[in-house]
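Written below as structure tokens is the structure these notes are about.
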Amino acid sequence: MPPQYAPAEVEGKLYEHWVGAGYFEADAKSEKPAHTIVIPPPNVTSVLHIGHALDVTLQDSITRRKRMQGFEALWLPGTDHAGIATQNAVEKQLAKEGLSRHDLGREAFVKRTWEWKEEKGSAILNQIRKLGASVDWTRERFTFDAGLSRSVLTIFKRLYDDGLIYRAERIINWCPRCLTALSDAEVEHHDDDGELVSIRYGEGDDAIVVATTRAETMLGDTAVAVHPDDERYQHLIGTTVELPFTGRRIPIVADAHVDPSFGTGAVKVTPAHDPNDFEIGQRHGLENLVVMDERGVITVHGPFLGLDRFEARPAVVAALREEGRIVAEKRPYVHAVGHCSRCDTVVEPRLSMQWWVKVAPLAADAAAAVREGRVRIHPKELEPRYFQWVDNLRDWCISRQLWWGHRIPVWYGPNGEIVCVGPDEDAPGTEAEGWRQDSDVLDTWFSSGLWPFSTLGWPDETEDLRKFYPTSVLVTGYDILFFWVVRMMMFGLYAMKDRGPEGSIPFHTVSLHGLVRDQFGRKLSKSLGNGIDPLEWVEKYGADATRFTLARGANPGVDLATGEEWCQASRNFCNKVWNATRFALMNGATVAGLPAKEHLSTADRWILSRLTAVTAEVDALMEDYQHAKACDALYHFAWDEVFDWYVELAKSPLAAGGRAAESTRAVLGHVLDATLRLLHPYIPFVTEELWKTLTGGETIVTAAWPQADGALRDPAAEADILALQEAVTEVRRFRSDQGLNVGQRVPGRLSLQGSLQAHEVELRSLARLTEPAEGFAATATLQTALATVELDLSGTIDVAAERARLTKDQAAAAKEIAAANAKLGNEAFLAKAPEPVVEKIRTRLATAEADLSRIRQQLAALPQA
RNA sequence: GGGCGCUUAGCUCAGCGGUAGAGCGCUGCCCUUACAAGGCAGAUGUCGUUGGUUCGAACCCAACAGUGCCCA
């Protein structure tokens, strides 16, 4: 074994072996209890970013532990068909050939997109292999594959028949570049520099001033609205005013939704181009006048015809100014503007006929599942966010004016018939007979919302569905809670309602993690150039180091800052595990059961006791998705306790040979075996490589998860080793202060009390002390609670350094005594504090007093300077 | 504008009523035959501010000040 672990040499071959051996394949016929995770399907066009890497790492660590615990663990991979993004990608490709999708026609375009998917669509799934993801590749799914498409048609038909899907003309979010409707969730609001222009409509006493950020829409105004209680406008309510340029007279209406404190308190109303105005229009029976086409180009005759919306705005303002109608202008006026989440184009509210899901009843069920505790949001602090969203959900626009996606299964007949066709039904008629299918497709989330059960074969009652649904836990970032989690909740509860309240939930727990940030806690962004490529880390430091870095930072629901230095530290840890195991192997560590208790040394009993405690701790933390804490506990146990102390303590018995060596080899092997298994979910590759060598076993992937063995708890051994550590550290501290070489052996005379008397050999070994020879003359005396150590440095020592040290310790002890005395002298404290606390303070006082008197003795014994 | 967080060591974060912790970074010494991707030792904080509750507050309450997110 080389002294440095080389991840690149083992990871690829181990992964291929794991997959080939079928370790990750779940068996629906198994008697074992199921543990199921469906991967939040990444967009088929995407490539792996650090956020995916975090998500994958956490799901894999959960799944690997469950597999080791004896669950039938299924982690199901796949991608979603990403309607807009994929269509954009293929259209971009076509554009290079000078073609548009319309040149190909719908059928050819969809065929071409499938070809694109076959060629490019597995990029991200290939990348997660590099992270060691233990997904079941035999069950990989795609939201647009045949089976899942059947699920989509099934649920559409059911919702339609239940009256939960309907068609209506409303204002929707429209992307004039993608040329499709978007749901509310696909619109991102951020502040833009705009303008606020106040325009005077009408003349003289009848004039009224409205303020707007979108002057160009005035062409479509069909009213002016004021608040019904606004005294300024009482005389105008019910009258009409002339709209500039058009000659149209529009009514002044009173509507309680108008904010009298905004601008002049009077607003222009453009029902066809603004969601709020649309509602005002509905209430007052106003005309919906469309003045723009689907690309945002003005369609009303006159000087503005053919202008893009952003050209029309200044043109309209200029023309109004010419007529003296501009009363005030504020520029820049910063306000929130909706943008297409796919292409960042400013969204245009557009009056349009679309398909909708009536979410109120579905959302109520989704909320109830969490309120009733059937689905747990973890961490609990994020529950309010879930409720805030799910309790205020508006109807969901599901139709998209795209070609790539599940086509809406509704047919329109020659006599105005509207027929929704189920998954196994034929079209109600032919095109020749005058029937045509709705040309729109469904929102991608309509299909990914079915993911927890469509992937298991629903609507068929498959073995997989019976075995693996409801799934166990959904692992995702809190930013996805709204979009996706809520949709899966709504659809799962609806589609599976036959199974009752407990059986219909899509998952028992939603485990939310935070977003990955850079080492200063800043958001990762292209403009800052602080992006992190997880595959670069994998290449430089290994998949294990990358995973451990992410898992170790993953406190539930909070963002994690990370950077390359973190990953280096993780790489160092993996290397440390490698070298500690290497040492054990070189010294004949064996894994063949523990020796009888009477053959165990104190050190053996100590490390076995600690192993038991840490096993229980890590197990509980992982069960509660507290990955950061679990990793931290493992890191400290492995490095500080096993590698630093136990391995050092093991060196003398190993060197001594005989029974002591034999028993130490067994304990060392046992502890390493368990430690590797505990670490395996987080750092699968290095632990597999080492474990196979150490144990000769086939694979750690399916090895048993360690159980805490209460019989190994040994508080006495823990106390003994603590006293030993204290004495060793005190001698080392002295040696360091005195500038002694680490390797230099020094004659020492020991006077040990209590349990420490049995550990002189270990103390001498770890502190590098030889037996006092003839002519031993102590030049320094060190004391801890159970040890007095006299050292012969054969010459003068640095008295000043030692005095400084002791003086500092003396001050600390004195401060401690003062604080304890203050408490114990306080009658209220004695009367009201619980007894264990009082006792603790008394112990602390006694310890500090003993320390102080020892320090004083040592100070007095120092030679005078 | 409404709501939810956060503010603890140089940086990033744990701790959430009874002596301030970790990682990285920092300082000194050391290539001691598992490991320099290492070892040993060490330094570092009026726990945002001001009040209050309590025998006792980083932790509970109130106000304020920063700061971030979500929704309008």
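Naming convention: chains lettered A, B, ... in sequence-line order (proteins, then strands); numbering from 1 in each chain.
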Answer with base, sugar-phosphate or nothing: what part of the nucleic acid does [X] contact at a heavy-atom distance below 4.0 Å?
{"X": "A/Glu188", "answer": "nothing"}
{"X": "A/Arg522", "answer": "nothing"}
{"X": "A/Gln519", "answer": "sugar-phosphate"}
{"X": "A/Pro384", "answer": "nothing"}
{"X": "A/Ala833", "answer": "base"}
{"X": "A/Pro836", "answer": "nothing"}

message: Which residues pass the side chain to side chain donor-acceptor pair (under 3.5 Å) test with A/Trp645, not counting sequence neighbours?
response: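 Result, side chain to side chain donor-acceptor pair (under 3.5 Å) vs A/Trp645: none returned.
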Would one find a side-chain N or O of [X] under 4.0 angstrom from OP1 or OP2 of [N]?
{"X": "A/Thr729", "N": "B/A41", "result": "yes"}
{"X": "A/Lys651", "N": "B/A34", "result": "yes"}
{"X": "A/Asn555", "N": "B/C13", "result": "no"}
{"X": "A/Arg385", "N": "B/C70", "result": "no"}
{"X": "A/Trp578", "N": "B/G38", "result": "no"}
{"X": "A/Lys815", "N": "B/U19", "result": "no"}
{"X": "A/Arg733", "N": "B/A41", "result": "no"}
{"X": "A/Tyr635", "N": "B/A14", "result": "no"}

Rounded to whole Å, please give me the gap between [atom1] in [X] and [atom2] in [N].
{"X": "A/Asp640", "N": "B/C40", "atom1": "CG", "atom2": "P", "result": "9 Å"}
{"X": "A/Leu560", "N": "B/C69", "atom1": "CG", "atom2": "P", "result": "16 Å"}
{"X": "A/Arg517", "N": "B/C24", "atom1": "CZ", "atom2": "C1'", "result": "19 Å"}
{"X": "A/His189", "N": "B/G1", "atom1": "NE2", "atom2": "C1'", "result": "15 Å"}
{"X": "A/Gln626", "N": "B/A14", "atom1": "CD", "atom2": "C1'", "result": "11 Å"}
{"X": "A/Leu512", "N": "B/C4", "atom1": "CG", "atom2": "P", "result": "19 Å"}
{"X": "A/Glu802", "N": "B/A41", "atom1": "CD", "atom2": "C1'", "result": "13 Å"}
{"X": "A/Asn579", "N": "B/U33", "atom1": "CG", "atom2": "P", "result": "14 Å"}

Counting Watson-Crick and G-U wobble pairs only, both distances under 3.5 Å, name the nucleotide matched with [N], or none.
{"N": "B/C69", "value": "B/G3"}
{"N": "B/G17", "value": "none"}
{"N": "B/A63", "value": "B/U49"}
{"N": "B/A34", "value": "none"}
{"N": "B/A41", "value": "B/U27"}
{"N": "B/A58", "value": "none"}

From the set [options], return the single nucleotide nearest to any side-chain atom of [X].
{"X": "A/Val647", "options": "B/C55, B/G2, B/A34", "answer": "B/A34"}
{"X": "A/Arg732", "options": "B/G18, B/C40, B/A72", "answer": "B/C40"}
{"X": "A/Phe829", "options": "B/G18, B/A34, B/A37", "answer": "B/G18"}
{"X": "A/Val837", "options": "B/U19, B/C13, B/G18", "answer": "B/G18"}
{"X": "A/Trp566", "options": "B/G23, B/C55, B/A34", "answer": "B/G23"}
{"X": "A/Lys576", "options": "B/U19, B/C55, B/G39", "answer": "B/G39"}
{"X": "A/Ala561", "options": "B/A41, B/U12, B/U19", "answer": "B/U12"}
{"X": "A/Asp644", "options": "B/C35, B/U12, B/G39", "answer": "B/G39"}
{"X": "A/Glu816", "options": "B/U19, B/A72, B/C24", "answer": "B/U19"}
{"X": "A/Phe520", "options": "B/A41, B/C69, B/U12", "answer": "B/U12"}

I'd like to know if A/Glu771 and A/Arg764 make a salt bridge, using a cut-off of under 4.0 Å between side-chain N and carboxylate O.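 Salt bridge present between A/Glu771 and A/Arg764.
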Suppose you measure atom [atom1] in [N] against the same atom in [M]; what distance do you get, rounded to whole Å?
{"N": "B/A62", "M": "B/A9", "atom1": "C1'", "answer": "29 Å"}
{"N": "B/U8", "M": "B/G66", "atom1": "C1'", "answer": "16 Å"}
{"N": "B/C24", "M": "B/C30", "atom1": "P", "answer": "22 Å"}
{"N": "B/A43", "M": "B/G28", "atom1": "P", "answer": "15 Å"}
{"N": "B/C69", "M": "B/U27", "atom1": "P", "answer": "35 Å"}
{"N": "B/A63", "M": "B/C4", "atom1": "P", "answer": "12 Å"}
{"N": "B/G23", "M": "B/C6", "atom1": "P", "answer": "24 Å"}

| request: Would you sort out whether A/Trp445 and A/Glu186 count as a side-chain contact (heavy atoms from CB on, under 4.5 Å), showing the intermediate values? | output: CA-CA 10 Å; A/Trp445 275 321; A/Glu186 291 163 295; 3.7 Å; yes
I want to check a possible cation-pi pair here: A/Lys651 against A/Phe583, using under 6.0 Å from ring centre and within 45° of the ring axis as the test.
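Yes, cation above the ring, under 6.0 Å and within 45°.
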Identify, between A/Asp518 and A/Gln388, the residue whose nearest nucleotide on RNA chain B lies closer to the 5' end.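 First, find each residue's nearest nucleotide; the 5'-ward one identifies A/Gln388.
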Pairwise 5' ranking along RNA chain B for A/Arg552 and A/Leu830, keeping only the more 5' one: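 Result: A/Arg552.
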So does A/His257 have more than 12 non-hydrogen atoms from other groups sitting under 6.0 Å from NE2?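 Result for NE2/A/His257: open.
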Indicate the ring-plane relationship of A/Phe548 and A/Tyr682, choosing parallel, tilted or perpendicular according to the 30° and 60° boundaries.
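Perpendicular, since the angle between the ring planes exceeds 60°.
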* Asked: Taking the six-membered ring for Trp, are A/Trp639 and A/Phe573 parallel (under 30°), tilted (30 to 60°) or perpendicular (over 60°)?
  ->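 Ring orientation, 0 to 90° scale: parallel.
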Quick one: do the A/Tyr478 and A/Asp559 side chains pair a donor with an acceptor below 3.5 Å?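 Short answer, yes.
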Please check if any side-chain donor atom of A/Tyr646 sits under 3.5 Å from a side-chain acceptor atom of A/Asp604, or the reverse.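 Yes, A/Asp604 and A/Tyr646 have a side-chain donor paired with an acceptor closer than 3.5 Å.
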- request: Go through the N and O atoms of the side chain of A/Gln568 and the base of B/A37, and report whether any donor-acceptor pair is under 3.5 Å.
  value: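 Not at all, since no donor on one side and acceptor on the other fall under 3.5 Å apart.
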Show your reasoning for whether side-chain contact (heavy atoms from CB on, under 4.5 Å) applies to A/Thr581 and A/Phe643.
-> CA-CA 9 Å; A/Thr581 309; A/Phe643 305 158; 5.9 Å; no
